[in-house]
2 protein chains.
Amino acid sequence: MSAKLATMGRPAVRTLSDLARIAGVSAGTVSRALAGNSLVNTETRERIVALAREHGFRPNQMASSLRRQKTDVIGIAIPLGHDQRQQISDTFFMTLLGHLADALTERGYDLRLRRVIPERDADWLDRFIGSGMIDGILVIGQSDQFDRIEAVADGYLPMVVWGNYSEGQRHCVVGSDNRLGGRLAAERLIAGGARHIYFLGDTSAVEFAARYAGAAEAAERMGVAITPLMSHLSSDRLEAEVAANLDRDFVTGDAIFAATDSIAMACLARLKANGIVVPDQMPVLGFDDLPLASQTSPPLTTIRQDIRAGAFAMVDLLVRRLAGEVTESVVMPPRLIVRGTA
Amino acid sequence: MSAKLATMGRPAVRTLSDLARIAGVSAGTVSRALAGNSLVNTETRERIVALAREHGFRPNQMASSLRRQKTDVIGIAIPLGHDQRQQISDTFFMTLLGHLADALTERGYDLRLRRVIPERDADWLDRFIGSGMIDGILVIGQSDQFDRIEAVADGYLPMVVWGNYSEGQRHCVVGSDNRLGGRLAAERLIAGGARHIYFLGDTSAVEFAARYAGAAEAAERMGVAITPLMSHLSSDRLEAEVAANLDRDFVTGDAIFAATDSIAMACLARLKANGIVVPDQMPVLGFDDLPLASQTSPPLTTIRQDIRAGAFAMVDLLVRRLAGEVTESVVMPPRLIVRGTA
DNA sequence: ATGAAAGCGCTAACAA
DNA sequence: TTGTTAGCGCTTTCAT
């Protein structure tokens, strides 16, 4: 009977008052009892809790949130500005999201996920923040929205962003030192004999721009040419672009630095299809060190970002900001992982 | 000035009444104006909308939801029962989640994501449903929670589950015909000469159990041996388990059917490390056809599930159920994709 | 230790 | 066309 009631979509006892009536007390008392609140008679509390279980009563979180002005929900925004057709299903973002979910769940927060396309909704960030639905926000990737994020940073403390740190910026960001990563990549390729590096990625996204900048700096210093070639992240476009860029006739470069592992893997596949041997004829170097990077053939040489550590850092900073603390950005050092492709 | 206000965390104008006072009308009128509601004087409406923009006013969604008894949020529950340490970051789930996010966003819904560990919270499903925070729920994977899901199915219409369909079940599920997929896999391996198939996966999850059952059925019919070997999905355990299972001394099987592509890729890596040539010495066949499956070396032969179509089907069914329709389950036919590993 | 009552910010039925 | 009013279900003073 009770089990049956407990499994109904709309049990008869839906509100505090319902339960209060049954228990012969006031709604206030029920509220306190269910909250484990200090000064309720132990006996009454137990009785109320038992009744609540028996009738499958669940307090309405909406009402509770409204009253307490606290939702226990963290918003996750994924701006898809620099690549409209990029799906949320991008592997790196998804991996980061997974770890964020783990970290937030551990702290008792739910996630409210929103994919935003800034071109269609210029007001996306203010809207999300001001909606009253979330206690704080994590932004995954700056995309091309750096200025908009900067604009709200001063007025809204509980926001942490995954992305690139620029000297003097005001929003709290967690991310790798992309410039350094780019430099490490270029140096590795150049040490292997490269004289003309292709950079495959979309430099209108700040993170990728920084990776390119770091590589370009190293290349220039060492008298090596470097050419950026546009590569989006959406898998449908990616394959065509990589193909267009790498088909034999066009190849004048002698090494590839891919802005992400996904792009690098697409290169590997295309080069193999074209009969070009990696790394002998064409070294390839990625960025991210996704779990699958070690399982390509040859296994991918890449620049590692510690995604899990990054996710936990974001949540840690956010929690401190929720408590009123003004936190600094965290820039994580990337690491060259040498495997078989460069 | 207005721009400045619009970017503040707490603008001075926070409630309908605030705005109403400024506009010299009642809160009700403001509410109607902002909702684009029919019968407001066009002129007043435009004036109110302008004021709202100017002051960066955002209606509180919590209050609106409470009042309307509608949240425009869909809950996504990911039960991690059969493998507690499996992170939400499992590639297949993440891909599915990405597509769900795309499909739900298109329909104007936000996602509320919750990772649940049934052992720690037996009440997870009722709690989520009864919380008043969500209009409907999508459950990603039945894990070992089949019975619990069945228990609520009759009392709560707007629920759609990704998973395996069993004859006569009551909850609405979308998923592949896992049994058929298993059969296709086994038949392919047997056609290639296999006499003893290893199945790598965790058969306590119904979907994987069905894959195994399909394969076992085919194997038995054709007089071939089949052995299930436990493989979890969390990457830390996976590699150790695959290693333990595949290291040379233990190998008596002559073909591998992996319950997922992730497991298959781990096998590929381990076999290569052990100097075993795929597919000549050991064919390997996966399940899912993740984007990366075509980029392993050799490219992975696998059973394809159309994840994107599945996600859109789930959302479509959910929307219909939200409208009161009782929908049937959708079982999608898997397809053998022959590449280089089997 | 408990009850009564106010109100979180919004929407919608009813009046005007 | 607009204003008034009564809640949505909960939490939290303030009384008792």
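Lettering follows sequence order; numbering is per chain, from 1.
For the pair B:Leu66 and B:Val30, both in contact range of DNA chain D, the more 5′-proximal nearest nucleotide belongs to B:Val30.
Taking 4.0 Å as the cut-off between side-chain N and carboxylate O, B:Asp123 and A:Arg58 count as a salt-bridged pair. Using a 4.0 Å cut-off between charged side-chain N and carboxylate O, A:Arg112 and A:Asp110 make no salt bridge.
The backbone N or O of A:Ile74 sits nowhere less than 3.5 Å from a side-chain atom of A:Asp135 that would complete a donor-acceptor pair.
Atom CE of B:Met62 and atom P of D:dG7 are 23 Å apart (whole Å). Summarising the geometry, the separation between CG on B:Asn41 and C1' on D:dG3 is reported as 15 Å, rounded to the nearest angstrom. Between B:Leu34 atom CG and C:dC10 atom C1' there is a gap of 11 Å when expressed in whole angstrom units. Rounded to an integer number of Å, the gap from B:Met133 CE to D:dG9 P is 16 Å. The NZ-C1' distance, from B:Lys70 to C:dC10, rounds to 16 Å in whole Å. If you take CD1 of B:Ile48 and C1' of D:dT1, they are 12 Å apart, rounded to a whole angstrom. In this structure, the CD atom of A:Gln69 is 14 Å from the P atom of C:dG7, given to the nearest Å. Between A:Arg45 atom CZ and C:dT2 atom P the separation is 10 Å, expressed in whole Å.
The number of heavy atoms from other shown groups lying within 6.0 Å of CD (A:Glu325) is above 12.
A:Thr44 comes within contact range of the sugar-phosphate backbone alone, with a heavy-atom separation under 4.0 Å but no base atom that close.
Shown here for B:Leu318 and B:Pro158, the closest heavy-atom pair between the two residues is CD1-O, 3.4 Å.
The ring-ring contact (aromatic ring centres under 6.0 Å, His included) contacts involving residues 127-147 of chain B comprise B:Phe146-B:His171, where partners must be two or more places apart or lie in separate chains.
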Footprint string (nucleotides 10-16 of chain D, 5' to 3'): B base within contact, S backbone only, - free, heavy atoms under 4.0 Å: BBBB---
